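Reminder, nothing fancy here: chain letters follow the sequence lines and each chain counts from 1. Since the model is a prediction, treat every value here as computed from it, not as a measurement.
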Amino acid sequence: MLVLPNGVRHFPGFLDSDEQEALLADIRAVVTAAPLYVPTMPKTGKPMSVRMTNCGPLGWVTDKERGYRYQDTHPEIGNPWPPMPERLLALWEAVAEYPHPPEACLVNYYTDTAKMGLHQDRDEKDFAAPVVSVSLGNACLFRVGGTSRSAKTVSFRLESGDVVVLGGEERLCYHGVDRIYPDTSPLLRNSGRINLTLRRVNPPTAS
DNA sequence: GAGTGGCG
DNA sequence: CCGC
């Protein structure tokens with residue numbers, strides 16, 4: 001495990017190729033049940049370059065009219081999100097250092113030209129839980145800054161099977177994807193990248 | 001309550 | 001690629 005200058009934890013090669021294939025099979029089943037859709041920006045309706053879906057009890061969605069939010073159904077087909085695959089719950093348990101399961105797994109599909117601007121994950125009510133990110137398929141150039149937009153950023157390459165954890169002081173760090181490196185992983189037949197983002201949305205209820 | 005885009 |  002590597003700790004970057006800004007404190008973000010990076011686990012290179014956390015998943016071996018068999019584990020990546022097994023996880024990809026789980027995600028293919030998720031996408032069959034809950035198709036990828038084109039998210040749009042609040043107010044402007046401008047489409048984002050990534051395609052999205054979710055699994056787990058809650059999913060992160062955005063559209064022109066209602067903006068960024070979590071909801072328990074797919075915005076286009078209206079069905080509940082498919083369940084969180086067991087191996088993602090196990091991955092969370094292995095790296096999150098947090099005693100409650102994630103409620104949402106956002107599936108982002110990047111074509112080789114897709115990007116994600118610098119942003120914070122701040123639509124959750126529980127910032128005590130970390131954000132856990134899993135990379136599959138082509139490599140990307142990932143940028144992480146501090147908790148203000150103007151803080152200096154560091155960039156590094158994420159490969160298929162890598163896991164990144166934003167937790168503790170780094171939970172609200174700005175981050176984004178500047179570039180996909182085409183033809184750098186055979187996992188998706190060299191076509192694009194999948195990022196899985198596991199998040200806790202609500203604080204655990206006392207029980 | 002806007003915003004994870006876009007440009008030099 | 002990174003700062004604005």
Side-chain angles (χ1 to χ4, degrees), chain A residues 4-10 27 31 34-56 58-71 74-76 81 102-127 129-159 162-167 169-184 192-202:
Chain A
L4 304 177
N6 57 16
V8 171
R9 291 186 292 154
H10 178 201
I27 298 307
V31 171
L36 293 166
Y37 75 100
V38 181
T40 55
M41 295 294 292
K43 306 297 180 188
T44 65
K46 180 187 280 275
M48 296 173 64
S49 60
V50 300
R51 302 295 174 256
M52 291 185 176
T53 189
N54 289 269
C55 56
L58 292 171
W60 187 90
V61 298
T62 175
D63 59 32
K64 178 179 181 178
E65 293 74 21
R66 299 178 60 194
Y68 301 167
R69 65 198 187 273
Y70 282 92
Q71 64 180 41
H74 191 289
E76 295 190 342
W81 301 107
E103 294 171 289
C105 172
L106 174 62
V107 179
N108 285 154
Y109 174 69
Y110 293 77
T111 63
D112 285 342
T113 55
K115 293 167 292 189
M116 179 73 77
L118 266 194
H119 67 279
Q120 289 176 299
D121 288 12
R122 56 177 303 158
D123 299 315
E124 301 74 31
K125 292 174 186 151
D126 183 5
F127 294 148
V131 173
V132 173
S133 162
V134 185
S135 294
L136 293 173
N138 284 341
C140 75
L141 186 65
F142 187 65
R143 283 174 89 175
V144 190
T147 52
S148 77
R149 185 176 279 279
S150 57
K152 192 176 67 174
T153 62
V154 294
S155 295
F156 60 102
R157 184 172 165 126
L158 291 181
E159 304 280 353
D162 288 6
V163 171
V164 171
V165 178
L166 302 179
E169 300 284 297
E170 294 71 47
R171 171 64 179 75
L172 291 170
C173 282
Y174 278 83
H175 57 281
V177 172
D178 274 346
R179 163 154 145 81
I180 304 296
Y181 296 108
D183 301 330
T184 48
R193 170 176 184 266
I194 292 171
N195 180 260
L196 308 174
T197 309
L198 303 172
R199 303 186 187 101
R200 183 83 202 177
V201 179
N202 300 116

Just say parallel, tilted or perpendicular for the rings of A:His74 and A:Tyr37, cut-offs at 30° and 60°.
perpendicular

Indicate the ring-plane relationship of A:Trp60 and A:Tyr68, choosing parallel, tilted or perpendicular according to the 30° and 60° boundaries.
tilted

Grab the N/O contacts between the protein and nucleotides 1-4 of chain B below 3.5 Å, and write none if there aren't any.
residue, atom, partner, partner atom, Å
B:dG3, O6, A:Tyr68, N, 3.3
B:dG3, N2, A:Asp123, OD1, 2.8
B:dT4, OP1, A:Arg149, NH2, 2.6
B:dT4, O3', A:Gly117, N, 3.1
B:dT4, O2, A:His119, ND1, 2.2
B:dT4, O2, A:His119, NE2, 2.1
B:dT4, N3, A:His119, NE2, 3.2
B:dT4, O4, A:Trp60, NE1, 3.2

Pairing of A:Lys125 and A:Glu103 as salt bridge, 4.0 angstrom limit
no

Test: salt bridge (charged side-chain N to carboxylate O under 4.0 Å, His left out). Region: residues 138-151 of chain A. Which pairs qualify, not counting sequence neighbours?
A:Arg143-A:Asp178

Results of side chain to side chain donor-acceptor pair (under 3.5 Å) for A:Arg69 - residues two or more places apart only:
A:Asp63, A:Gln71

Side chains of A:His119 and A:His175 in contact at under 4.5 Å (non-hydrogen atoms):
yes

Applying salt bridge (charged side-chain N to carboxylate O under 4.0 Å, His left out), name anything that partners A:Asp123, two or more places apart in sequence or on another chain.
none

Span of DNA chain C engaged by chain A, first through last nucleotide within the 4.0 Å heavy-atom cut-off, is C:dC1 to C:dG3

Minimal non-hydrogen separation, A:Thr53 against A:Ala34, with atom names
OG1-O, 2.8 Å

Specify the closest pair of heavy atoms between A:Ser155 and A:Leu141, including all atoms of both residues, with the distance to one decimal.
CB-CD1, 4.0 Å

After noting the C-alpha distance and the side-chain angles of A:Ile180 and A:Thr111, does the key distance pass the side chain to side chain contact (heavy atoms under 4.5 Å, CB included) rule?
CA-CA 8 Å; A:Ile180 304 296; A:Thr111 63; over 6 Å; no

Name the nucleic acid region contacted by A:Tyr181, choosing base, sugar-phosphate or nothing; use a 4.0 angstrom heavy-atom cut-off, strictly under.
sugar-phosphate

Classify the nucleic acid contact of A:Lys152 as base, sugar-phosphate or nothing, counting any heavy atom under 4.0 Å across all strands shown.
nothing

Stem list, DNA chain B (Watson-Crick or G-U pairing under 3.5 Å, at least 3 consecutive pairs)
B:6-8 with C:2-4

